[in-house]
Amino acid sequence: MDTSPKERRFWFLHLSTAVLLMFVIGTLLFVNICQRQTERESILKSFRTEGLEASEELIQLAMSSRNYGWPKTFYSTTYPLRDLFQEGTVRLTPTVLTSFNLIYDVVIAVVIVVAVLSTNEFLIRRREARRSPAP
């Protein structure tokens, strides 16, 4: 019967690494899927606080956009704020899907996952190697 400790294969992961990766991947999905809404209404508010009157053209230019993606926005929808307060449906302008930014976001996510995986496994395996008795 062989009682010597077996070498762990490269592609086997520890349970703690799998749980950590679950949280990292969940966080990356969250920041990429949840929308970030940017309001350009602050321009109008700054005009009003300084005592300036906003023109009709400036009100029409006040837009709101919903952006998806981290660190770069790969999907964006823009619509006029003015249409939201009128009766009827909202006129959406064409959405923009940027393939390069989507690929960039996926590459960054893969790099983060691989960095967390390799760092955690390295630390765990180094600690296991210190505990095991030398032959």
Side-chain angles (χ1 to χ4, degrees):
M1 206 152 96
D2 187 20
T3 59
S4 64
K6 294 184 179 179
E7 185 69 26
R8 185 178 290 266
R9 293 185 184 170
F10 178 73
W11 56 84
F12 286 149
L13 300 177
H14 290 87
L15 180 62
S16 61
T17 303
V19 171
L20 181 64
L21 284 179
M22 179 187 66
F23 284 116
V24 168
I25 292 170
T27 303
L28 287 171
L29 284 173
F30 176 77
V31 297
N32 276 299
I33 291 175
C34 288
Q35 70 179 3
R36 294 170 308 177
Q37 188 166 354
T38 57
E39 302 271 346
R40 296 191 184 101
E41 188 75 7
S42 60
I43 297 171
L44 296 175
K45 288 179 185 174
S46 65
F47 266 71
R48 291 187 185 116
T49 55
E50 294 176 10
L52 301 172
E53 198 59 40
S55 65
E56 184 67 26
E57 293 85 24
L58 186 59
I59 292 173
Q60 287 180 355
L61 288 176
M63 305 279 277
S64 177
S65 65
R66 294 183 180 186
N67 303 316
Y68 298 90
W70 179 87
K72 290 187 173 273
T73 300
F74 62 83
Y75 182 78
S76 179
T77 302
T78 307
Y79 54 91
L81 282 176
R82 212 171 154 196
D83 290 344
L84 290 178
F85 302 109
Q86 293 177 350
E87 295 296 325
T89 60
V90 177
R91 268 190 351 233
L92 289 176
T93 58
T95 58
V96 177
L97 176 65
T98 311
S99 300
F100 175 75
N101 289 352
L102 178 62
I103 293 169
Y104 182 82
D105 287 350
V106 169
V107 167
I108 292 296
V110 168
V111 166
I112 291 172
V113 167
V114 168
V116 168
L117 169 71
S118 59
T119 302
N120 196 42
E121 280 295 311
F122 171 76
L123 293 174
I124 291 173
R125 289 177 190 211
R126 188 176 75 176
R127 186 175 47 212
E128 284 179 353
R130 284 184 186 169
R131 276 195 233 156
S132 65

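Side-chain heavy atoms closer than 4.5 Å link hydrophobic residues (I, L, V, M, F, W, Y) into clusters, and following such links, even through other members, never connects Met22 to Val24. Cluster annotation: Leu15 and Leu13 are assigned to distinct hydrophobic clusters (Ile/Leu/Val/Met/Phe/Trp/Tyr, side-chain heavy-atom contacts under 4.5 Å, transitive). In this structure, Val31 is a member of the same hydrophobic cluster as Leu20, with clusters built from ILVMFWY side-chain heavy atoms closer than 4.5 Å. Under the 4.5 Å side-chain heavy-atom criterion for ILVMFWY residues, no single connected hydrophobic cluster contains both Val19 and Ile25.
With hydrogens and angles disregarded, a donor-acceptor distance shorter than 3.5 Å links the side chain of Thr27 to the backbone of Phe23.
Taken from NE2 in His14 to CZ in Arg127, the straight-line distance is 8.5 Å, to the nearest 0.5 Å. Leu21 contributes atom CG, which lies 9.5 Å from atom OG of Ser16 (distance to the nearest 0.5 angstrom). In this structure, the separation between CZ on Arg125 and CG on Asn120 is 10.5 Å, given to the nearest 0.5 Å.
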> Do Tyr104 and Thr98 pass the side chain to side chain contact (heavy atoms under 4.5 Å, CB included) test, and can you show the C-alpha distance, the side-chain angles, and the key distance before you say yes or no?
Replying inline: CA-CA 10 Å; Tyr104 182 82; Thr98 311; over 6 Å; no
Please list, one pair per line, the donor and acceptor atoms closer than 3.5 Å that link side chains of residues 105-119 to other protein atoms, with sequence neighbours excluded.
unit_1, atom_1, unit_2, atom_2, d
Asp105, OD1, Lys72, N, 3.1
Ser118, OG, Val114, O, 2.9
Ser118, OG, Ala115, O, 3.3
Thr119, OG1, Ala115, O, 2.7

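Residues Trp70 and Leu28 come closest through the heavy atom pair CZ3-CD2, 4.2 Å.
By the ring-ring contact (aromatic ring centres under 6.0 Å, His included) test, Tyr68 pairs with Tyr75, sequence neighbours left out.
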